[in-house]
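Everything below concerns the one structure shown next.
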Amino acid sequence: TAPCTQEEFFFRMPFHTMDLLWFAYENNVSSHEVAEQTGLKELQVQHAFADFAQKFRATEYLRLSPQPIE
């Protein structure tokens, strides 16, 4: 087996592919259209979109405004 980079370990695909998928996800491009344009399987795109949503939810607290201490 080929060595696995950190990006592939965490995201399960190369950054350049993830960038395309992230752009599509943020711009509401359908998983079907993304699959046609990238050569990925539609299920792969759907899994990536679900992974984005899960990571966004899991890190939501990092984007909250600081709470004042009284």
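Note that the structure is predicted; figures quoted are calculated from it, not measured. Numbers for residues simply follow the sequence, beginning at 1.
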Let's go through Thr17 and Thr38 carefully: what are the C-alpha distance in whole Å and the side-chain angles of both, what is the deciding distance for side chain to side chain contact (heavy atoms under 4.5 Å, CB included) to 0.1 Å, and is it a yes or a no? CA-CA 8 Å; Thr17 304; Thr38 61; 5.9 Å; no
When every non-hydrogen atom of Lys41 is compared with those of Ala35, the smallest separation belongs to C-CB, 4.0 Å
Which value, rounded to the nearest 0.5 Å, describes the distance between Ser30 atom OG and Glu42 atom CD? 7.0 Å
Phe52 vs Glu26 side-chain heavy atoms within contact, under 4.5 Å: no
hydrophobic_cluster_shared for Leu40 and Leu20, side chain cutoff 4.5 Å: no
Parallel, tilted or perpendicular: which describes the rings of Tyr25 and Phe49, with under 30° parallel and over 60° perpendicular? tilted
CG/Leu62: more than 12 non-hydrogen atoms of other groups inside 6.0 Å: yes
